[in-house]
Protein chains: 2
Amino acid sequence: MPEEARPGTGEQAKQHALAQLRHAILHGEMAPAQRLVENELAEQFGVTRASIRAALIDLEAQGLVERIRNRGSRVRVVTVEEAVAITECRMVLEGLCAAKAAVAAGDEQLAELTELGTAMTKAVADGEPVTYSELNQELHAKVREFSGQQTAVDLLERLNAQLVRHRFQLALRPGRPQHSLNEHLVMIEAIRARDPQAAEAAVRAHLTSVIEALSD
Amino acid sequence: MPEEARPGTGEQAKQHALAQLRHAILHGEMAPAQRLVENELAEQFGVTRASIRAALIDLEAQGLVERIRNRGSRVRVVTVEEAVAITECRMVLEGLCAAKAAVAAGDEQLAELTELGTAMTKAVADGEPVTYSELNQELHAKVREFSGQQTAVDLLERLNAQLVRHRFQLALRPGRPQHSLNEHLVMIEAIRARDPQAAEAAVRAHLTSVIEALSD
DNA sequence: GCGGACAGAATTGTTGACAATCTTGTTTGG
DNA sequence: CCAAACAAGATTGTCAACAATTCTGTCCGC
């Protein structure tokens with residue numbers, strides 16, 4: 001059964017390299033548009049170039065790096081326009097998930113959402129935008145999970161991975177958490193009321209406002 | 001400027017193999033769940049195993065093949081449940097595209113849609129389900145194109161690629177084209193009227209009925 | 001002084017061989 | 001006769017070297 005996520009030994013070299021590289025990019029350790037030379041990465045991670053190559057192909061498919069024929073790989077930079085387009089897709093897909101979750105979620109799952117809502121309220125009251133952002137992430141993840149819509153979840157995780165850089169930027173904007181909080185509470189209420197249409201509408205309203213905030 | 005899409009010579013081996021394999025799978029030349037042995041494919045397409053490997057990694061990311069550690073690759077079989085989940089995602093994403101297209105499309109683009117509508121009407125009247133299915137595809141592709149939403153277009157092409165087998169099955173069902181046609185005409189009208197909400201609603205209604213038809 | 005050709009360096013693409021892993025059919029002990 | 005250990009075969013994962021391509025800085029002719 002233990003089949004993954006032990007970076008030490010049992011993992012295949014390619015999986016190891018992939019996980020390392022992905023983590024590095026997602027945590028901003030690689031500057032945007034930085035060149036990714038296969039030889040350097042191979043040495044850095046202690047694997048061969050073939051493994052790095054496979055990992056880069058994977059990351060390209062996930063939209064995290066850009067590869068040009070005979071010219072090498074770079075970490076992909078997401079322009080504001082692209083971030084808006086991505087968020088529009090998130091809007092409809094998370095709307096779908098919320099609607100499904102409103103129907104499919106069990107009682108203890110609803111309780112989890114409620115709990116997250118109060119925690120988020122507290123984080124805003126205490127003026128801790130970082131904590132709030134993390135809870136925010138967790139809430140969206142839970143809604144996705146409860147929807148049981150595996151296809152949508154996969155697509156959304158792909159999309160979210162491309163937005164790490166912009167997300168940071170947005171969370172620290174003054175006044176934004178308070179605004180965002182209200183929208184999230186409406187969404188939680190709609191799911192608790194098991195009203196799929198209201199849940200979808202709430203998610204859309206929320207991400208519409210995110211899009212507006214992004215456009216500045 | 002000529003940079004791609006000449007399958008004859010200038011293409012890199014991996015790209016060539018990728019295109020060939022993808023085409024073969026999408027056109028049903030590979031049986032579902034068929035084993036894909038790297039050596040055989042390499043010989044068959046006249047490239048080396050490394051290229052085939054890279055192509056398989058790509059196809060796995062596109063959801064067309066399944067790869068298991070040290071056990072090989074198979075063309076992925078999409079169950080009916082997955083097909084429904086995929087179509088639900090299509091529903092919301094194409095809804096987004098239709099709404100954007102209703103705002104962004106130019107006059108001559110609207111004319112193209114109208115033309116396709118009449119061609120589809122004729123195909124149904126003549127009782128040619130295959131022609132109708134092709135026009136259907138083309139209509140959806142045009143709407144996506146006119147939306148200018150590149151992210152959504154990418155996601156949708158991924159999703160559609162996974163549905164080839166189910167699409168065939170659906171198109172030949174008696175009475176289905178007539179039903180489908182009406183829904184498409186409503187959508188075209190909504191886009192022509194530049195009414196994004198109506199366009200989105202029309203797309204959703206259409207794909208909801210597709211989901212119902214799939215579930216049998 | 002400037003544009004274009006040219007050589008050198010750097011980097012990716014490709015190849016064939018080798019190692020690790022899994023499957024399958026067989027054998028052996030109970 | 002059956003189950004577990006075992007061995008052979010097949011297949012993927014990894015490696016190091018080679019070929020092809022692109023970029024960069026320099027030099028020459030004008």
Side-chain angles (χ1 to χ4, degrees), chain A residues 1-22 24-25 30-31 33-62 64-76, chain B residues 1-22 24-25 30-76:
Chain A
M1 169 99 58
E3 197 259 357
E4 52 162 356
R6 194 180 40 184
T9 64
E11 215 163 352
Q12 304 282 84
K14 178 227 161 183
Q15 297 298 326
H16 183 59
L18 178 74
Q20 292 242 5
L21 238 180
R22 195 183 147 85
I25 294 177
M30 304 288 197
Q34 175 173 339
R35 287 199 63 187
L36 299 175
V37 178
E38 297 181 358
N39 260 326
E40 294 176 6
L41 295 175
E43 193 171 356
Q44 182 175 341
F45 293 137
V47 299
T48 53
R49 242 188 71 205
S51 305
I52 290 289
R53 232 176 135 62
L56 285 174
I57 293 176
D58 248 26
L59 289 173
E60 179 189 27
Q62 292 175 32
L64 288 180
V65 311
E66 231 173 359
R67 279 162 47 87
I68 317 175
R69 274 191 24 164
N70 295 321
R71 291 241 259 138
S73 313
R74 279 206 284 272
V75 334
R76 183 166 156 237
Chain B
M1 167 101 61
E3 196 260 356
E4 51 162 358
R6 194 181 39 185
T9 64
E11 214 162 351
Q12 305 282 83
K14 178 225 160 183
Q15 297 298 327
H16 185 58
L18 178 74
Q20 292 242 3
L21 238 179
R22 197 181 146 85
I25 294 177
M30 305 288 196
Q34 176 173 341
R35 288 199 61 188
L36 299 174
V37 178
E38 296 181 357
N39 259 326
E40 293 176 7
L41 295 175
E43 191 172 357
Q44 182 175 342
F45 293 137
V47 300
T48 54
R49 240 189 73 207
S51 305
I52 290 289
R53 235 176 131 63
L56 284 175
I57 293 177
D58 250 26
L59 289 174
E60 180 189 26
Q62 292 175 30
L64 288 180
V65 310
E66 231 173 359
R67 278 161 47 87
I68 318 176
R69 272 193 27 165
N70 297 319
R71 292 239 257 136
S73 313
R74 282 206 284 273
V75 333
R76 184 168 158 239

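Convention: sequence-line order gives letters A, B, ...; per-chain numbering from 1.
Looking at residues two or more places apart in sequence or on another chain, you find a side-chain hydrogen bond (donor to acceptor under 3.5 Å, both in side chains) between A:Gln62 and A:Arg22. Every residue two or more places apart in sequence or in another chain that forms a salt bridge (charged side-chain N to carboxylate O under 4.0 Å, His left out) with B:Arg67 is listed here: B:Glu60. A search for side-chain contact (heavy atoms from CB on, under 4.5 Å) contacts involving B:Asn39 returns B:Val37, B:Arg49, not counting sequence neighbours.
The CZ atom of B:Arg74 sits 13 Å away from the C1' atom of C:dC22 (whole-angstrom rounding). In this entry the distance linking CG of B:Leu56 with P of D:dT12 reads 8 Å, nearest Å. One atom, CG of A:Asn39, and another, P of C:dT11, lie 8 Å apart when rounded to the nearest Å. Rounded to an integer number of Å, the gap from B:Arg35 CZ to C:dT23 P is 10 Å. Rounded to a whole Å, the CD1 atom of A:Ile52 is 15 Å from the P atom of C:dT11. One atom, CD1 of A:Ile68, and another, C1' of D:dC23, lie 13 Å apart when rounded to the nearest Å. In this entry the distance linking CG of A:Leu18 with P of D:dT14 reads 12 Å, nearest Å. With rounding to whole Å, A:Arg69 atom CZ is found 13 Å from C:dT14 atom C1'.
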N/O contacts under 3.5 Å, protein versus nucleotides 15-18 of chain D?
{"unit_1": "D:dC15", "atom_1": "OP2", "unit_2": "A:Thr48", "atom_2": "N", "d": "3.4"}
{"unit_1": "D:dC15", "atom_1": "OP2", "unit_2": "A:Thr48", "atom_2": "OG1", "d": "2.4"}

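Phosphate proximity of C:dG13 to A:Arg53: present, with a side-chain N or O under 4.0 Å from OP1 or OP2.
When all heavy atoms of B:Val75 and B:Met30 are compared, the closest pair comes out as CG1-CB, 3.9 Å.
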Distance-only criterion, 3.5 Å: show the donor-acceptor pairs between side-chain atoms of residues 51-58 of chain A and protein atoms not counting sequence neighbours.
{"unit_1": "A:Arg53", "atom_1": "NH1", "unit_2": "A:Glu38", "atom_2": "OE1", "d": "3.4"}
{"unit_1": "A:Arg53", "atom_1": "NH1", "unit_2": "A:Glu38", "atom_2": "OE2", "d": "2.9"}

Check residues 41-48 of chain B and write down every donor-acceptor pair under 3.5 Å in which the side-chain atom is one partner and the other belongs to a residue at least two apart or another chain.
none

